[in-house]
Structures are given as C-alpha cells and as structure tokens.
Visitor: 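Got a structure for you, written out below as structure tokens; questions coming shortly.
Within every chain, numbering begins at 1; the chains are lettered A, B, ... in the order of the sequence lines, protein sequences first and strands thereafter. Predicted model, so just to flag it, every value in this text is computed and none were measured.
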There are 2 protein chains.
Amino acid sequence: MSEGNTAGSGRKPRLDRARVLSAALELVDEEGLEALTMRRLGQRLGRDPMSLYRYAENRSALLDGLTELVLGQLTVPHGMDWQATLRGAAHDMRRLALLHPNVVPLLMTRPLSTPLGLRPHGTVRPLEQILALLIDAGFTPAAALHVYRAFYAFLYGHLLNELQELVANPDESDAVLRLGLYHLPAKEFPRLRALAPVLADYDGARELDEGLGILLSGLAAALTATDK
Amino acid sequence: MSEGNTAGSGRKPRLDRARVLSAALELVDEEGLEALTMRRLGQRLGRDPMSLYRYAENRSALLDGLTELVLGQLTVPHGMDWQATLRGAAHDMRRLALLHPNVVPLLMTRPLSTPLGLRPHGTVRPLEQILALLIDAGFTPAAALHVYRAFYAFLYGHLLNELQELVANPDESDAVLRLGLYHLPAKEFPRLRALAPVLADYDGARELDEGLGILLSGLAAALTATDK
DNA sequence: CCCCTGAAGTCTACAATGTAGGCATACGGG
DNA sequence: CCCGTATGCCTACATTGTAGACTTCAGGGG
C-alpha cells in the first residue's frame with residue numbers, strides 16, 4: 001500500500017516548473033478545469049500541495065502558466081505567402097484547441113485580465129511573429145495590426161463556435177438529441193430545430209478555412225486600396 | 001445598529017428571481033466576478049445566503065442567469081436589410097459588453113459547457129431571430145446558419161480583442177505605460193513595441209464595423225454564387 | 001571528514017467558500 | 001380562524017487557497 005502517489009511510477013525526481021505545468025495540463029485535460037486544485041495537483045506529483053508555490057506564486061499564476069504552455073506550442077509556418085501562413089497558424093491553433101478543449105476558456109479569457117506587456121512572453125510571441133510576417137509582406141505596421149486583429153478575432157470566435165458543438169453527447173449523431181434541442185419549444189424556435197440535420201454534420205476545419213478565405217481576401221482588397 | 005443590511009434602503013421587499021439576478025449583476029459590475037459569492041450576494045440583498053438557492057439551484061446556475069439577463073437585453077433591430085440588421089445587432093452586443101465588461105468572460109465561455117437546447121431560452125432567442133431574418137432575406141436555412149456562424153465568430157472574437165485594450169490603467173493615454181509594454185524585451189518584440197502609438201488610439205466601433213463590412217459582403221458574394 | 005548554509009519540501013493552521021438538512025415563520029385559501 | 005405550503009434562516013461540514021514556521025537535504029569550504 002505504501003503511499004498516495006496516484007501517478008505511481010516515477011519516484012520524486014525533483015520538482016521543476018515545466019514538470020508542474022505539464023502535470024497541471026494533464027490533470028485539466030483529463031478532468032477539467034475544476035479539478036485543477038493545488039491539492040489534487042500536489043497529489044498527482046506525489047508532493048505536498050505547498051511545494052507548488054515555489055513554482056507558481058498562486059493558483060491564478062498557474063492558470064497563466066497553462067495558457068503559456070499551450071500557446072507556446074503554436075507554430076507559425078515559414079516560407080509561404082502571408083495568407084497561407086495565417087491559414088496555417090489558424091489551423092495549428094485549432095489543433096491545439098481540440099487537443100486541449102478544457103483549456104480553451106483560459107485561452108479566451110485570461111488575456112482579458114492581463115495587460116499585453118504583463119502576459120507570459122510565450123503567449124505574446126505569436127503576435128510579434130505575425131506582425132513581422134505582415135510587415136515583411138509589405139503592410140504598414142498599422143495595417144498589419146488591423147489584419148492581425150481581424151484574423152485573431154475570427155479565429156478565436158470560430159473556436160468558441162466550434163467547441164460548442166462538441167458539448168454534451170459527442171457520441172450521439174442525431175443533433176436533436178446530442179444538443180438537447182428537444183428542450184426548445186417548437187413554436188418559439190422553429191428554424192433552429194429545423195436545422196438539426198445541418199447542425200449534425202459540422203465541419204469545423206472547412207468552416208474555419210472558408211471564413212478565413214473571405215476575411216483575408218477582403219482585408220487584402222480593402223487595404224491595398226488604401227495604405228498597405 | 002439593528003442589522004447587516006449593507007444595501008441599506010429597501011426593507012425586505014420579498015425576494016424574486018429577477019431581483020436576485022439584477023443584484024448579482026450589480027455586484028459583478030462593481031466588483032468583478034470573484035466578488036459574486038453566495039454570501040456577498042445574500043448580504044447585499046439583506047437576506048441569508050441560503051435563500052438564494054430558492055431562485056438559483058447553485059452558483060453555476062446563477063452565472064447562467066447572469067448571461068441570460070445580459071443577453072436578454074440584446075435587441076435585434078427591425079425593418080432593414082439583413083446586413084444592416086446584423087450590424088445593428090453587433091453594435092448592440094458591443095454596447096452590452098462595454099456596459100458589463102466583467103460579465104464578458106461568462107458570455108464567451110458559458111456556452112462551451114451547455115448544449116444548445118439546455119441554455120436559457122433568452123440566450124438562444126437572438127440566434128433564432130437572426131436565422132429567421134436571414135431565411136426571410138432569401139438564404140437557404142443551411143446558408144443562413146453559415147452566415148450566422150461567421151457573424152457570431154467575428155463579433156465575439158472582436159469583443160475579446162477590444163476588451164483587452166481596456167485592461168490595466170484605463171486613464172493612462174500612453175500605450176507603453178497603459179499596457180505595460182516596457183516589460184517586453186525590446187530585442188524580442190520590436191514591432192509590437194513600435195506599435196504603441198497605434199495601440200493607443202483604438203477605435204473599437206470602427207474596427208468592428210469595418211471587419212463586419214468585409215465579412216458580410218464577402219459572405220454575400222460567396223453564397224449568392226452557390227446556393228443562397 | 002564535518003558542518004553550515006540556503007534551497008526544496010512539508011506541516012499546521014485558518015479564513016472563506018458552496019451547499020446539505022432541518023427548522024421557523026408568514027401568507028393565503030378553506 | 002386554522003392549517004398547509006412557500007419562503008427564509010440557522011447550523012454544520014467538507015473543500016478550497018494560502019500564510020508562516022519547521023524539517024530535510026545537497027553540496028561546498030574548513
């Protein structure tokens with residue numbers, strides 16, 4: 001019986017920020033954000049909860065660390081024209097979101113409470129990279145910022161959209177059941193209910209791609225007209 | 001001395017779901033989401049915390065109630081063409097977000113954990129209204145859904161974007177200071193830091209409007225080409 | 001080899017939170 | 001007037017984040 005090391009295998013290989021964060025990420029991936037408590041995380045690492053404070057100041061900083069860990073894995077591709085690059089980055093971001101759906105709320109809302117300059121550098125780097133890309137492609141810095149913002153907005157919004165479709169019974173193919181649509185009074189929500197079949201086969205990658213296509217080409221047109 | 005009724009004025013005018021929710025909204029508006037605890041809310045209403053459970057099952061349901069209360073105030077305008085209507089709705093949504101910035105994280109993330117059919121009806125109604133609008137404007141139901149999704153994505157993403165600019169010292173006009181940009185190493189983030197002046201005068205309404213213009217006209221073009 | 005210093009980890013303790021379960025009380029219909 | 005039901009309150013508890021003091025331990029200078 002010995003002791004409560006849930007993870008079991010490795011024996012006390014000296015803690016370390018990266019180790020803490022990735023354990024936290026595993027925990028959140030497996031059991032959701034609520035499960036990420038200092039005590040549970042300590043237990044999973046076979047350590048006293050209090051040890052964590054050597055590596056994370058407080059729980060909120062731990063959450064920031066999580067977003068940093070995930071966003072740090074985002075790769076902005078090289079050697080293509082700017083539109084293809086942005087598309088590539090968007091799809092990679094989508095991949096990360098689907099890989100860690102429970103972290104998505106953090107990705108969306110953490111920045112709301114942290115000014116740009118104080119965010120973990122890893123989370124700001126993609127912004128810098130993309131600005132560089134756009135400026136090298138000939139955009140004015142100000143125009144580059146506009147493009148980035150529109151891109152970011154649509155991307156993040158799309159992810160919010162897409163992850164809603166995963167909710168509930170992911171193994172149920174009938175959208176009426178899967179999304180609990182039968183709870184909506186038919187008189188009040190006729191169009192929505194009629195859309196059940198369409199809701200049933202949602203293709204996130206494609207929807208993202210088409211939206212981006214429209215947005216990016218539109219931006220290119222609008223901006224070349226003025227100051228690009 | 002009497003008792004701990006912080007709100008002071010009114011004396012026990014019988015509780016009621018609407019009263020509870022709007023007190024919760026005030027509390028969140030004034031002191032942020034963290035301040036919304038059962039005890040604080042009870043105190044503000046001059047009631048025992050436990051009374052709240054008559055009107056809100058649990059804290060999570062209270063948060064859902066908040067999003068419902070705010071989204072219920074969204075008005076989708078009438079009597080214009082579909083693009084103008086969507087624009088109008090977007091600006092009204094923006095108004096609500098700026099009015100209740102602390103609730104925005106809820107608006108963005110609550111739907112992620114609640115299937116469509118189980119959401120408070122007030123939060124689904126705008127979706128139905130907009131679908132109706134688009135279908136009446138001649139779109140296929142499926143096409144209407146696509147338009148709605150792109151619209152919603154950009155709108156929500158834009159709000160995430162815009163609310164980040166409010167963070168930190170809202171009364172400081174210098175963006176370097178206001179956003180803490182001096183914390184970013186100049187070698188690693190040159191473009192971003194150079195953009196400080198542009199970041200300083202951000203016009204959210206305009207940015208929203210221009211993005212929407214591009215997106216909506218692009219959508220119209222793409223869809224009339226196929227099945228609108 | 002020993003001891004000493006700082007870091008790494010742990011223990012104890014506390015205030016705050018959500019909420020279950022039982023009780024009081026006030027109100028409205030017979 | 002009386003009683004049943006909805007409304008509100010009280011007590012109690014398990015769980016959380018985290019402060020502060022203590023322990024353990026690695027490793028480097030005498």
Visitor: Which ring-ring contact (aromatic ring centres under 6.0 Å, His included) pairs, counting each pair once, include a residue from residues 29-51 of chain B, with sequence neighbours left out?
Guide: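 Checked against ring-ring contact (aromatic ring centres under 6.0 Å, His included) - neighbours excluded - no pair reaches residues 29-51 of chain B.
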Visitor: If only side-chain N and O atoms of B:Tyr55 are considered, is one of them under 4.0 Å from the OP1 or OP2 phosphate oxygen of D:dG8?
Guide: yes
Visitor: Less than 4.0 angstrom between a side-chain N/O of A:Ser51 and OP1 or OP2 of C:dT10, yes or no?
Guide: yes
Visitor: Could you state the atom-to-atom distance from CG of B:Asn58 to P of C:dT17 in whole Å?
Guide: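 The answer, rounded to whole Å, is 17 Å.
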Visitor: Taking only residues two or more places apart in sequence, or in another chain, which ones meet B:Asn161 in a side-chain hydrogen bond (donor to acceptor under 3.5 Å, both in side chains)?
Guide: none
Visitor: Between B:Leu52 (CG) and D:dC10 (P), how many Å, whole number?
Guide: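 Rounded to the whole Å, the gap is 13 Å.
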Visitor: Using the test side-chain hydrogen bond (donor to acceptor under 3.5 Å, both in side chains), find all partners of A:Arg94 that sit at least two apart in sequence or belong to another chain.
Guide: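 For A:Arg94, the residues satisfying side-chain hydrogen bond (donor to acceptor under 3.5 Å, both in side chains) (neighbours in sequence not counted) are A:Glu162.
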Visitor: Using whole Å, report how far CZ of B:Arg39 lies from C1' of D:dC9.
Guide: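 These atoms are roughly 13 Å apart.
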Visitor: Are B:His121 and A:Phe189 an aromatic pair, judged by ring center distance below 6.0 Å?
Guide: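 For A:Phe189 and B:His121, the ring centres are under 6.0 Å apart.
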Visitor: Check DNA chain D against residues 21-35 of chain B and give the residues with a non-hydrogen atom under 4.0 Å, in numerical order.
Guide: none
Visitor: Take the protein atom CG of B:Asp16 and the nucleotide atom C1' of D:dA6, then report the distance between them rounded to whole Å.
Guide: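 Result: 14 Å.
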Visitor: So B:Thr37, base contact, sugar-phosphate only, or nothing? Heavy-atom distance under 4.0 Å.
Guide: sugar-phosphate
Visitor: Anything under 3.5 Å between a protein N or O and an N or O of nucleotides 21-28 of chain C, put it in a table, one pair a line.
Guide:
none

Visitor: Find the distance B:Leu41:CG to D:dG8:C1' and express it as a whole number of Å.
Guide: 14 Å
Visitor: Rounded to whole angstrom units, what separation is found between the CZ atom of B:Arg17 and the C1' atom of D:dA6?
Guide: 18 Å
Visitor: Looking at C:dT19, D:dT18, C:dG9, which one has an atom nearest to any side-chain atom of A:Arg47?
Guide: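 From the listed options, C:dG9 comes nearest.
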Visitor: Check every atom of C:dT19, C:dT10, D:dT18 against the side chain of B:Arg59 and return the nucleotide holding the closest atom.
Guide: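 Of all the options, the side chain of B:Arg59 is nearest to C:dT19.
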Visitor: Check this for me, if you would: do B:Asp92 and B:Arg95 make a salt bridge, where the nitrogen-to-carboxylate-oxygen distance has to be below 4.0 angstrom?
Guide: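 Answer for the salt bridge query: yes.
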Visitor: Could you list the residues that satisfy side-chain hydrogen bond (donor to acceptor under 3.5 Å, both in side chains) with B:Glu188, not counting sequence neighbours?
Guide: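 Per chain and number, B:Glu188 pairs via side-chain hydrogen bond (donor to acceptor under 3.5 Å, both in side chains) with A:Arg125.
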Visitor: Between atom CD in B:Glu57 and atom P in C:dT19, what is the gap in whole Å?
Guide: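 After rounding, the reported distance stands at 9 Å.
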Visitor: With sequence neighbours left out, write down each residue that passes ring pair (Phe, Tyr, Trp, His ring centres under 6.0 Å) with B:His183, or none if nothing qualifies.
Guide: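 B:His183: no ring pair (Phe, Tyr, Trp, His ring centres under 6.0 Å) contacts found.
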Visitor: Under the rule for side-chain hydrogen bond (donor to acceptor under 3.5 Å, both in side chains), what residues qualify as partners of A:Arg191, not counting sequence neighbours?
Guide: none
Visitor: Could you list all the side chain to side chain donor-acceptor pair (under 3.5 Å) pairs where at least one residue sits in residues 26-42 of chain A, not counting sequence neighbours?
Guide: A:Glu26-A:Arg44, A:Asp29-A:His100, A:Glu30-A:Arg44, A:Glu31-A:Arg40
